[in-house]
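The structure appears below as structure tokens.
Only a predicted model underlies this, so the values are computations on that prediction, with no experimental measurement involved. Lettering follows sequence order; numbering is per chain, from 1.
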Number of protein chains: 2
Amino acid sequence: MADGSPKDQPVVSGQGASPPPAGNRAGTPRPTSRDVARAAGVSQATVSLVLGEKWHGRVSERTAGLVRDAARQLGYRPNLAARNLRLGRTRTALLVVPALTNEFFARVYTGAATVAAEHDFGVVLYPSPEGVGPAKDPFASARAALDGVIASSMAAQALTAIRGTDLPLVMLDSDPADPGAAARVNLDIADGMRQMSAHLLALGHRRFLHLASAVSSWTFDVRARALAASLRDVPDAVVRTVPAPLDVAGAREAVERALTRPGPRPTAIVCDDDILAAGACKAVRRLGLRVPEDISVTGFDDLALATAVEPELTTVSLPAERVGARGMSALLAVLEGRPPEEGDLPVELVVRGSSAPARAG
Amino acid sequence: MADGSPKDQPVVSGQGASPPPAGNRAGTPRPTSRDVARAAGVSQATVSLVLGEKWHGRVSERTAGLVRDAARQLGYRPNLAARNLRLGRTRTALLVVPALTNEFFARVYTGAATVAAEHDFGVVLYPSPEGVGPAKDPFASARAALDGVIASSMAAQALTAIRGTDLPLVMLDSDPADPGAAARVNLDIADGMRQMSAHLLALGHRRFLHLASAVSSWTFDVRARALAASLRDVPDAVVRTVPAPLDVAGAREAVERALTRPGPRPTAIVCDDDILAAGACKAVRRLGLRVPEDISVTGFDDLALATAVEPELTTVSLPAERVGARGMSALLAVLEGRPPEEGDLPVELVVRGSSAPARAG
DNA sequence: CGACCGAGGTTTTACGTATAACGTCTCCAG
DNA sequence: CTGGAGACGTTATACGTAAAACCTCGGTCG
């Protein structure tokens, strides 16, 4: 079949045999499935069947082998643009997050990418405009053709553009009330904050400073509400809220200002975030006080930072990778018409060195 | 203009007027350029010309307006898969990095994505296998069709797969000796380490512990060589090298072991990385010593971590965003046949609180 | 012996876009 | 009144793949 005929000679472009092991010099156009077909002595359709693993019972073992060999020889890789066009699906999801330099979102990405890879999916990122400059349109920026979107509620600006689309949308850590999401993956933030306040109350703390994120977002609102709710029934508990930008220096300044104001000093600083907590610790020490002996400081997120500083932070550990993984799983479920998994992801209080019993008086 | 003629009625699919502002329900297939053409009463080619901004002198202003209106009405977005197939280019680059949870690489990505967005390019990530699980083939994982690759030399494993390709490759922070890169973006790491050792020598330090990364890579080799070279001419200088994993806990353990060995204690610990330095600080204090009074500790990279810990780290500031930005610019240059910008990016010693004069004796 | 069947392919088509090649109509100079 | 020459579009085609529909041929069964 494949031998004897004079037409079986593979048509090489010119001077000498090209080196079989892939080493394509630029200028040589990439081999297509038709080139593979020619080299294997079969039709292009057969190549597609074999390489797509759809050939069982339709193509002989022998022919399939020939095709695979030819593909390997030529270093064939399918043209994804063509494949995507043909199939009308791209197996690619867009992940919209505020900024990757925030370790939490880097971990969310990692989780999403891991699950995606297991299902032969790709993840392309859109760090929304606060992070990266001029691109207004997520879809222009993420130049890939997309099957769906996973978006953090913190990337509010980008969300409106996405809503104008028929793409399935999975929301991360977002208000269950707002509509338009095909699925939702939330952390049990309120429970985390409840555990934290219970921990501090048990240590005898009653005067709290709540160092809150200046950027408003659902997750941060939940923290504030849960803290307030926890303290509502404690007679002598008092909490003051101070907003701060999400960086160490800004947090430090905000806390320094707050602590030098007249009136009774808080004995514990509850922070919305580990970064804020790191800043709070620095502020406390700048004022000549000690953490945790004079003032306890607690974080939220359990980033690498939490165990890098001293004392190590008492914080609420959030399963960031699981958020991303579950977000991707939910999107896959939606795309396949299955119901996505329900229920909030649990969080966990981690007690370390930055919290201690309140000083008497 | 648009009214009066009975044919001006837009052809809507059926029951009642569909809400013009985009709200596509799922099930309705996305409008194509042909749909826009039909709605505007022109041919598909004209739509392509107008929306591609290639129409000046070939299409009247009036017609162009009609096309744009129709496109807006239908919420038309071009099918990128089709466009990519047609053009044979995708305006998408692959960025290969070891792990995004490392702030340095998150910043590299940010820089690359910013420049890409300015040139209407996309960036898709491949966090190489040490970071994410089962995907062996970068091209299978990054499901996009690609125009080029930007790769950190730290993602060694993925590089071999990429080399078998004719895609233009820009290497980041890599050995100038190894071949196969169309362009290269390097930091002047050696100069950074020279500045650092000069700083410490000026403070009177002579006995050094070099806390090196356990993962081997060109950037880390350069640090070691530059440190050794700097100390070569200093008569009484002595340096011992200890490898450590790139996390705080591992670094702490490595340093604790090193410092409890018999023999004269180093007065300065030079770390390959801020994360290692944070661990080193913790080790020093665990042994009852102080930073910087008893032992100076220095980092490398100038991550957010460097100013979050106490004392703040003396370190070498690396322009991570610029690395990414320049990598992307270089790739664009290569793709357009222009020569990429040459020369290493400068780095800067930042003196903070973790380094101090060596204790006498 | 004719109809049917399965094995092992091949031919053909469609996906949506960009653009080269090709009309058509009007206006104006020779 | 003929022959360009713009101005303004249209028709036709190709990109590479997946898969539906279709062939061919030897054997089998009624």
Side-chain angles (χ1 to χ4, degrees), chain A residues 1-2 5 7 28-68 70-71 74-91 120 139 143-147, chain B residues 29-68 70-71 74-91 120 139-140 143-147:
Chain A
M1 314 247 174
S5 153
K7 285 193 59 188
T28 314
R30 250 174 58 181
T32 72
S33 61
R34 209 179 312 273
D35 296 328
V36 175
R38 217 176 342 249
V42 300
S43 74
Q44 178 267 331
T46 303
V47 173
S48 186
L49 286 173
V50 170
L51 300 182
E53 292 299 336
K54 300 218 154 61
W55 58 280
H56 300 276
R58 309 176 39 71
V59 177
S60 69
E61 293 279 357
R62 196 181 98 84
T63 306
L66 289 177
V67 168
R68 276 192 290 256
L74 298 177
Y76 170 72
R77 284 180 301 123
N79 180 320
L80 289 178
R83 189 208 294 260
N84 289 341
L85 173 59
R86 175 68 235 253
L87 295 178
R89 296 159 314 144
T90 60
R91 303 189 81 75
D120 199 28
F139 300 108
R143 286 199 45 88
L146 303 171
D147 279 356
Chain B
R30 251 175 55 181
T32 71
S33 60
R34 210 179 312 274
D35 296 327
V36 175
R38 212 170 352 243
V42 300
S43 75
Q44 179 266 331
T46 302
V47 172
S48 186
L49 287 174
V50 169
L51 299 182
E53 292 300 335
K54 299 215 155 64
W55 58 281
H56 299 275
R58 307 172 46 67
V59 177
S60 69
E61 293 278 357
R62 196 182 97 86
T63 306
L66 288 177
V67 168
R68 275 192 291 253
L74 297 177
Y76 170 73
R77 284 180 300 124
N79 181 320
L80 288 177
R83 185 206 297 253
N84 289 342
L85 174 58
R86 174 68 233 256
L87 294 178
R89 297 159 314 144
T90 61
R91 303 190 80 75
D120 200 28
F139 301 106
R143 286 198 45 87
L146 304 171
D147 279 357

Just N and O in the side chain of [X]: are any of them under 4.0 Å from OP1 or OP2 of [N]?
X: A/Ser60; N: C/dG9; value: yes
X: A/Thr46; N: C/dG8; value: no
X: B/Thr63; N: D/dC8; value: no

For nucleotides 13-17 of chain D, which of its nitrogen or oxygen atoms have a protein nitrogen or oxygen under 3.5 Å away, and what is each distance?
| unit_1 | atom_1 | unit_2 | atom_2 | d |
| --- | --- | --- | --- | --- |
| D/dT17 | OP1 | A/Tyr76 | OH | 2.4 |
| D/dT17 | OP1 | A/Asn79 | N | 3.2 |
| D/dT17 | OP2 | A/Ser33 | N | 2.5 |
| D/dT17 | OP2 | A/Ser33 | OG | 2.7 |

Open item on the list: A/Ala70: which residues meet the side-chain contact (heavy atoms from CB on, under 4.5 Å) condition with it, sequence neighbours left out?
Closed with: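 side-chain contact (heavy atoms from CB on, under 4.5 Å) list for A/Ala70, sorted by chain: A/Val36, A/Ala39, A/Ala40.
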Task: By side-chain contact (heavy atoms from CB on, under 4.5 Å) - contacts of A/Arg68 (at least two apart) - done: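 So A/Arg68 forms a side-chain contact (heavy atoms from CB on, under 4.5 Å) with A/Val50, A/Leu51, A/Glu53, A/Trp55, A/Ala64, A/Arg72.
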Task: With sequence neighbours excluded, residues passing side-chain hydrogen bond (donor to acceptor under 3.5 Å, both in side chains) with A/Asp147 - done: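 A/Thr90.
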TODO: Using side-chain hydrogen bond (donor to acceptor under 3.5 Å, both in side chains) as the criterion, list what pairs up with B/Ser48, not counting sequence neighbours.
DONE: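 Expected list: none.
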Using whole Å, what does the distance between atom [atom2] of nucleotide [N] and atom [atom1] of [X] come to?
X: A/Leu49; N: D/dA21; atom1: CG; atom2: P; value: 14 Å
X: B/Arg89; N: C/dT17; atom1: CZ; atom2: P; value: 17 Å
X: B/Arg38; N: D/dT10; atom1: CZ; atom2: C1'; value: 16 Å
X: A/His56; N: C/dG9; atom1: NE2; atom2: C1'; value: 16 Å
X: B/Asn84; N: C/dC15; atom1: CG; atom2: C1'; value: 14 Å

Task: Nearest-neighbour nucleotide for the A/Ala45 side chain, D/dT10, C/dT11, C/dG9 considered - done: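 The closest nucleotide is C/dT11.
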TODO: Tell me which nucleotide among C/dG9, D/dT11, D/dG9 gets nearest to the side chain of A/Arg58.
DONE: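 Looking only at heavy atoms from C-beta outward on A/Arg58, the closest nucleotide is C/dG9.
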TODO: Classify the nucleic acid contact of A/Val42 as base, sugar-phosphate or nothing, counting any heavy atom under 4.0 Å across all strands shown.
DONE: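 Counting heavy atoms under 4.0 Å across all strands, the contact made by A/Val42 is with sugar-phosphate only.
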TODO: Indicate yes or no: at least one non-hydrogen side-chain atom of B/Arg143 is less than 4.5 angstrom from one of A/Arg83.
DONE: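 Yes; the side chains approach each other to less than 4.5 Å.
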Task: Any residue meeting salt bridge (Lys or Arg N to Asp or Glu O under 4.0 Å) with A/Asp35, in chain and number order, not counting sequence neighbours - done: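 Only A/Arg38 meet the salt bridge (Lys or Arg N to Asp or Glu O under 4.0 Å) criterion with A/Asp35.
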Task: Minimum heavy-atom distance B/Ser60-B/Thr63, with the two atoms named - done: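 Nearest heavy atoms, B/Ser60 then B/Thr63: OG-OG1, 2.9 Å.
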